[in-house]
Amino acid sequence: MRRIKDKLSTRLMNVCVASLCKAKQLEKAEIVIVDGIRIGLQPDVVTYNTLIAAYCRVVGIDAGYSILHRMKDAGINPDVITYNALIAGATRYSLLSKCLDLFDEMLEMRILPDIWSYNTLMNCFFKFGKPDEAYRVFQDILLKDISVHSATFNILINGLCMNGYTENALMLFRSLKCHGFIPQLVTYNILIHGLCKSGRGNVAREFLNELVESGHIPNAITYTTVMKCCFRYRQFEEGLKIFAEMRNKGYTYDAFAYCTVASMLLKTGRITEANEYLGYIITSGFTLDIVSFNTIFNLYCKEGQLDNAYTLLYEAENGGLESDKYTHAILIDGLCRTGNFQEAQQQLNRMSVTGFDSNLVAWNSFINGLCKTGQLDYATHIFESMDMKDSVSYSTMVRGLCQARRFRAASKLLLSCIRGGMNILKSDKRIVIDGLRSCGLTHEARKVQSKIQMAKLLHY
DNA sequence: GTAGGGTTAG
């Protein structure tokens, strides 16, 4: 009687742990377990498996491993579900060799892999751009006569699409359907995404119709996939229409889709509309995370409303939100746009001190601001002192020098850039050559042109 | 446990 009661209570504890883990509240889940142990309950294999999956998902594979050790210390043997969770965790963190090691370890421990072990392994190979190995796993499944799961086919179709074999994915889909496979909503979403990604928006649209005709109801994933596809191919109005439909149907329950739309509007200069959507994010009660914050912050900075931007930043930081490298880059760009170069420089220096190492974007923004306002010497000085430069840095300087009609300096920089194997925009190379010609420096222009040709031959 | 999605510079 007592044992049945304990079992029931352990199950109850596991339900609690699972729901907390789902909400990523791992500390609370641990507290539940500690309390359980205090009243005499023993965590079982299900408790540990739940924890391992959650730690792998939220923290990382090492955290998952440490739970495995805790589990073993407690005298509980891992099972196939334990290993599946670890393999899935390794896949998520892009650790192919770890996946393979875990699979071997599982076999050594005489734990029989199930269809999900194979599914995960197959997915792992696809993720690493190894479709042949993935397909071999699929053949292994068939050979061992393990009964497949519909997810097996979904993973196959997805993997083929992600590895550039959209046509094969389509063929597989059709032939599976002929053999009685009933596509799920996720199957359609996978195909639609693959088709959009490979530039076949029209076919994607056909599948969207087929999805509805076969009785499925598109979900938030379907909508965002199609919307992004429209924006990518510059069908802005079409994309906005999809967003409106998404909103009407109640699929905009977080700030994600709003941020996509607002950024697109901002990039295409539709600031009033961007303002409307972002205003909605602010008043909607969505929790502002750093990305949605940055989106709004960017709008204020682009509009030159630095006071509003600073107020927002101040409030956010007081509320415990930590700014990131994007926030800093956006602020520096905003300062440059409003002519506050001194403050921008101070901010940049502060960033170096506080250890934001990937601030290249911010430095590029700064030299761009200087070039645009004709402060070429200052820009050159900064450019030369930068310990990291990319093609954007070079492009910006080359463009700036040309604008100041310093074509000789521009061509010198362009050549050093080419020598370094860095490729800048074709249009920027053109500006240099045309500029040299317009000053009568035809010989120099020809030299630059031939060097560009030479570099092309060498690099491709 | 397989699908989507947001932020910065030329």
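Order of the sequence lines fixes the chain letters, A, B, ..., with proteins taken first and strands second; residue numbering starts at 1 for each chain. In this text, all values refer to a predicted model and were calculated from it rather than measured experimentally.
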Discussion item. With the six-membered base ring of B/dT8 as reference, does the ring of A/Y326 sit under 5.5 Å away with planes under 30° apart?
Written reply: no

Item to complete: Identify, residue by residue, the members of residues 242-263 of chain A with a heavy atom below 4.0 Å from DNA chain B, and return them in order of residue number, or none.
Response: A/D254, A/F256, A/C259, A/T260, A/S263

Worksheet item: Heavy-atom contacts under 4.0 Å between residues 124-140 of chain A and DNA chain B, which residues?
Response: none

Salt bridge [X]-[Y], side-chain N to carboxylate O under 4.0 Å:
{"X": "A/R205", "Y": "A/E238", "value": "yes"}
{"X": "A/E245", "Y": "A/K249", "value": "yes"}
{"X": "A/R11", "Y": "A/D44", "value": "no"}

[X] [atom1] - [N] [atom2] separation (whole Å):
{"X": "A/L208", "N": "B/dA3", "atom1": "CG", "atom2": "C1'", "value": "14 Å"}
{"X": "A/H216", "N": "B/dA3", "atom1": "NE2", "atom2": "P", "value": "17 Å"}
{"X": "A/L312", "N": "B/dT7", "atom1": "CG", "atom2": "C1'", "value": "13 Å"}
{"X": "A/L414", "N": "B/dG10", "atom1": "CG", "atom2": "C1'", "value": "14 Å"}
{"X": "A/K426", "N": "B/dG10", "atom1": "NZ", "atom2": "P", "value": "22 Å"}
{"X": "A/M397", "N": "B/dA9", "atom1": "CE", "atom2": "C1'", "value": "14 Å"}
{"X": "A/L195", "N": "B/dA3", "atom1": "CG", "atom2": "C1'", "value": "13 Å"}
{"X": "A/Q347", "N": "B/dA9", "atom1": "CD", "atom2": "C1'", "value": "16 Å"}

Item to complete: May I ask you to test the A/L121-A/L100 pair for a side-chain heavy-atom distance under 4.5 Å?
Response: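 Yes, side chains in contact.
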
Using a heavy-atom cut-off of under 4.0 Å over every strand shown, decide if [X] touches base, sugar-phosphate, or nothing.
{"X": "A/N219", "value": "base"}
{"X": "A/S391", "value": "base"}
{"X": "A/N49", "value": "nothing"}
{"X": "A/N368", "value": "sugar-phosphate"}
{"X": "A/K389", "value": "nothing"}

[X] side-chain proximity, nearest of [options]:
{"X": "A/R399", "options": "B/dT2, B/dT8, B/dG10", "value": "B/dG10"}
{"X": "A/N294", "options": "B/dT7, B/dG10, B/dA3", "value": "B/dT7"}
{"X": "A/V392", "options": "B/dT2, B/dG1, B/dA9", "value": "B/dA9"}
{"X": "A/S365", "options": "B/dG1, B/dA9, B/dT7", "value": "B/dA9"}
{"X": "A/D114", "options": "B/dT7, B/dG1, B/dG10", "value": "B/dG1"}

Under 4.0 Å: is that the gap between some side-chain N or O of [X] and OP1 or OP2 of [N]?
{"X": "A/K267", "N": "B/dT7", "result": "yes"}
{"X": "A/H193", "N": "B/dA3", "result": "no"}
{"X": "A/N298", "N": "B/dT8", "result": "yes"}

Item to complete: Using the six-membered ring of A/Y280, assess whether NZ or CZ of A/R247 lies under 6.0 Å from its centre and within 45 degrees of the ring axis.
Response: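 Checked: cation-pi criterion met.
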
Fill in: Test applied, side chain to side chain contact (heavy atoms under 4.5 Å, CB included); reference residue, A/M71; option that passes from A/N49, A/N77, A/L51
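Going through the options one by one, the only one that passes is A/N49.
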
Only pairs under 3.5 Å count here: list side-chain donor-acceptor contacts from residues 126-138 of chain A, not counting sequence neighbours, and write none if there are none.
{"from": "A/K127", "atom 1": "NZ", "to": "A/T91", "atom 2": "O", "distance (Å)": "2.7"}
{"from": "A/K127", "atom 1": "NZ", "to": "A/R92", "atom 2": "O", "distance (Å)": "3.3"}

Worksheet item: Should we count CD of A/Q139 as having more than 12 external heavy atoms under 6.0 Å?
Response: yes

Worksheet item: Any chance the rings of A/Y258 and A/F243 have centres within less than 6.0 Å?
Response: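 Yes.
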
Is there a donor on the side chain of [X] or the base of [N] sitting less than 3.5 Å from an acceptor on the other?
{"X": "A/T224", "N": "B/dG4", "result": "yes"}
{"X": "A/S292", "N": "B/dG6", "result": "yes"}
{"X": "A/S395", "N": "B/dG10", "result": "yes"}

Worksheet item: Can you name the closest pair of heavy atoms from A/N364 and A/S393 and give their distance?
Response: OD1-OG, 2.8 Å

Discussion item. How close do A/C336 and A/G369 get, counting heavy atoms only, and between which atoms?
Written reply: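 Looking at all heavy atoms of both residues, the closest pair is CB-CA, 4.2 Å.
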
